[in-house]
Amino acid sequence: MKGAVLGIGERSEKGDFIHRPVLVREVLEALHCRPFEGKNYLDCTVGMGGHTEAILNATAPDGRVIGIDRDEEALRGTERRLHPYLERLTLRKASFKELIQIAQAFNLTEVDGILFDLGVSSVQLDHPDRGFSFQRPGPLDMRMDREQKETAADWVNRLSQVDLTEVIQKYGEERWAKRIASSIVRFRKEQGAITRTEELESIVWRATPPTERRRRIHPATRTFQALRMMVNQEMEQIEAGLEAAISLLARGGRLVVISFHSLEDRCVKQTFKKWTQKESAPRQFVNLYKKPITAGPEEVSRNRRARSAKLRALERAA
Ligand code: SAH
């Protein structure tokens, strides 16, 4: 393996990929989960259901969770795993952009706690078939929702050099975006379409100056992040999701967001700022914490996904 190894995914005894939820105690605290209060929660990134399960346990016997995810496979697995809770748990396939419709479908206008644990799960990342990881040879796919039409390969082979540069710069914050885009276009001309993760990894590796290759972060990290964000329209989704969440919060309700990189965190921070500054608005919001909450060294050593996690939370005061 070239460059720094970012850590290989964990597997359960049966050999399935597993996902460890991050900052669980902190999420329960920020959402103010208590037993016997009969409150409603919306988990917008239900994934493997780690946070949802913790919320259901902390709010027993009458707390209810509606969980959404745009990944059908994740939902199916979680439905099986959380079977004992299904009286208090409803799962639906949906994206953040559909949050309002989902809430309407369940007659939910006042939600007590809303959670976003952004990005991809370790299961998505580690599964070679999903094509998210440069460390795993597989089809260059990256769709969270596999019913969506265009894969990362479709994008990478269709975009012009100028557009590729822009995307890699904007979503990957990559200094060498121009060189990488030019290498992608050269590969397409000389060898045909790029279809595999390992092809893209090696194109990026070769386009990166040798001094960069020795850094802790593998040079392909940022390009893969950029593509993933474009394929899944992640920034638009987050913006729409946060606005919808704000409009659904009950008085005293809490919105908790965990982000994993600077673009996500910036968006969360700015949205929160906008809402906490609207002093004359009919709805009032306050930040629960001055600074984002991060994982302690013990959690980081157990769970590599926790390394970059930042939790921010908002309460609707009036
Ligand atoms: N908290 C979960 C893990 C969440 S990982 C757990 O404890 O298991 C993030 C999940 O959010 C992934 O399953 C991904 O498919 C989903 N996701 C990301 N963006 C989304 C969006 N815009 N709409 C719906 N789900 C999304």
Checklist entry - side chain to side chain donor-acceptor pair (under 3.5 Å) between Asp141 and Thr151: does it pass, once the steps are laid out? => result CA-CA 5 Å; Asp141 189 325; Thr151 64; 5.5 Å; no

Checklist entry - Could you walk me through whether Glu72 and Arg76 pass the side chain to side chain contact (heavy atoms under 4.5 Å, CB included) check? => result CA-CA 6 Å; Glu72 176 96 47; Arg76 257 190 268 128; 3.4 Å; yes

Checklist entry - Would Glu98 and Arg92 count as a salt bridge (Lys or Arg N to Asp or Glu O under 4.0 Å) if you check the C-alpha gap in whole Å, the side-chain angles of each, and the deciding distance to 0.1 Å? => result CA-CA 11 Å; Glu98 297 160 307; Arg92 284 287 177 278; over 6 Å; no

Next on the checklist: Assess the residue pair His32 and Glu315 against the criterion (side chain to side chain donor-acceptor pair (under 3.5 Å)); give the C-alpha distance rounded to whole Å, side-chain angles, the decisive distance to 0.1 Å, and a yes or no.
Outcome noted: CA-CA 10 Å; His32 204 257; Glu315 181 179 282; over 6 Å; no

Checklist entry - Stepwise, does the salt bridge (Lys or Arg N to Asp or Glu O under 4.0 Å) test hold for Glu110 with Lys39? => result CA-CA 10 Å; Glu110 304 273 278; Lys39 291 191 168 167; over 6 Å; no

Item to check | Check against side chain to side chain donor-acceptor pair (under 3.5 Å), Ser262 and Asp265 | outcome: CA-CA 5 Å; Ser262 53; Asp265 187 54; over 6 Å; no

Item to check | side chain to side chain contact (heavy atoms under 4.5 Å, CB included) evaluation trace for Arg146 with Asp129 | outcome: CA-CA 11 Å; Arg146 282 171 129 175; Asp129 259 13; 3.9 Å; yes

Item to check | Derivation of the side chain to side chain contact (heavy atoms under 4.5 Å, CB included) call for Leu242 and Trp275 | outcome: CA-CA 11 Å; Leu242 293 179; Trp275 285 99; over 6 Å; no

Next on the checklist: Does Arg20 form a side chain to side chain donor-acceptor pair (under 3.5 Å) with Asn303? I'd like the steps, not just the answer.
Outcome noted: CA-CA 7 Å; Arg20 283 183 200 281; Asn303 186 356; 5.7 Å; no

Checklist entry - Could you go step by step and tell me if Tyr41 and Arg64 meet the side chain to side chain contact (heavy atoms under 4.5 Å, CB included) rule? => result CA-CA 6 Å; Tyr41 298 86; Arg64 285 175 301 273; over 6 Å; no

Item to check | Asp145/Lys97 under salt bridge (Lys or Arg N to Asp or Glu O under 4.0 Å): CA gap, chis, key distance, verdict | outcome: CA-CA 13 Å; Asp145 173 1; Lys97 285 192 175 174; over 6 Å; no

Checklist entry - Could you go step by step and tell me if Glu73 and Arg130 meet the salt bridge (Lys or Arg N to Asp or Glu O under 4.0 Å) rule? => result CA-CA 11 Å; Glu73 277 163 54; Arg130 304 298 301 261; 3.8 Å; yes

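A salt bridge does not link Arg196 to Glu201: none of the charged side-chain nitrogens sits closer than 4.0 Å to a carboxylate oxygen. Ion pairing between Arg215 and Glu212 holds under the 4.0 Å rule for side-chain N and carboxylate O. Ionic pairing of Arg25 and Glu29 is not present here: no N-O contact between side-chain nitrogen and carboxylate oxygen is shorter than 4.0 angstrom.
Phe132 contributes atom CZ, which lies 12.0 Å from atom OG1 of Thr197 (distance to the nearest 0.5 angstrom). Between the CG atom of Leu248 and the CD1 atom of Ile102 there is a distance of 11.0 Å, given to the nearest 0.5 Å. Atom OG1 in Thr271 sits 9.0 Å away from atom CD1 in Ile238 (nearest 0.5 Å). Taking CD of Glu243 as the start and CD1 of Ile100 as the end, the distance is 10.0 Å to the nearest 0.5 Å. From Lys93, atom NZ reaches atom CZ of Arg70 across 9.0 Å, with rounding to the nearest 0.5 Å. Atom CZ of Arg34 is separated from atom CG of Asp112 by 13.0 Å, given to the nearest 0.5 angstrom.
Hydrophobic clustering places Ile55 together with Ile258 (ILVMFWY residues linked when any side-chain heavy atoms are closer than 4.5 Å, directly or through intermediates). The same ILVMFWY cluster, assembled from side-chain heavy atoms under 4.5 Å apart, contains both Met235 and Leu118. Transitive grouping of hydrophobic side chains (ILVMFWY, heavy atoms separated by less than 4.5 Å) brings Val24 and Leu56 into a common cluster. Tracing side-chain contacts under 4.5 Å through hydrophobic residues (I, L, V, M, F, W, Y), one never reaches Val162 starting from Trp155; they form parts of separate clusters. Connection of Ile68 to Leu82 is not established within any shared hydrophobic cluster, with ILVMFWY side chains joined at heavy-atom distances below 4.5 Å, either directly or through further cluster members.
Under the 4.5 Å side-chain criterion, counting only non-hydrogen atoms from C-beta, Glu174 is in contact with Ile180. The shortest side-chain heavy-atom distance between Ile66 and Asn40 does not fall under the 4.5 Å cut-off. No side-chain heavy atom of Arg136 sits under 4.5 Å from any side-chain heavy atom of Leu125. The shortest distance between side-chain heavy atoms of Glu234 and Glu264 falls below 4.5 Å. For the pair Phe224/Met142, a side-chain contact is recorded, criterion being any heavy-atom separation below 4.5 Å from C-beta on. Between Arg266 and Gln270, the closest side-chain pair of non-hydrogen atoms falls below 4.5 Å. For the pair Val65 and Thr90, the minimum side-chain heavy-atom distance is 4.5 Å or more. Residues Asp62 and Arg88 have side chains not in contact (no heavy-atom distance under 4.5 Å, counting atoms from C-beta outward).
Here the closest non-hydrogen pair linking Thr208 and Pro219 is OG1-CB, 3.6 Å. Among all heavy-atom pairs drawn from Ala245 and Ile114, the shortest one is O-CD1, 3.5 Å. For the pair Ile194 and Ile184, the tightest heavy-atom approach, listed with the atom from each and the gap, is CD1-CG2, 3.7 Å. A pairwise comparison of heavy atoms in Ala181 and Thr165 identifies CB-OG1, 3.2 Å as the closest pair. Pairing each heavy atom of Gln135 with each of Pro137, the nearest pair is O-CD, 3.9 Å. Scanning all heavy atoms of the two residues, the minimum distance from Gly241 to Phe96 falls at CA-CB, 3.7 Å.
Under the 6.0 Å cut-off for aromatic ring centres, Phe285 and Phe272 do not qualify, their centroids lying 6.0 Å or more apart.
Heavy-atom contacts from other residues, nucleotides or ligands closer than 6.0 Å to CD of Glu87 number 12 or fewer.
Every residue two or more places apart in sequence or in another chain that forms a side chain to side chain contact (heavy atoms under 4.5 Å, CB included) with Asp69 is listed here: Val46, Asp71, Leu75.
His19 and Gln124 share no side-chain donor-acceptor pair at under 3.5 Å. A donor atom on one side chain and an acceptor atom on the other are found under 3.5 Å apart for Arg206 and Ser202.
Not a single donor-acceptor pair under 3.5 Å links the side chain of Thr223 to the backbone N or O of Ala220. Proximity of a side-chain donor or acceptor of Arg188 to a complementary backbone N or O of Val156 within less than 3.5 Å is detected. Without hydrogens or angle criteria, Asp43 side chain to Thr45 main chain gives a donor-acceptor distance under 3.5 Å. A donor-acceptor contact shorter than 3.5 Å links the side chain of Glu199 to the backbone of Thr195.
Because its NZ or CZ atom is both nearer than 6.0 Å to the ring centre of Phe260 and within 45° of the ring axis, Arg305 counts as a cation-pi partner of that residue.
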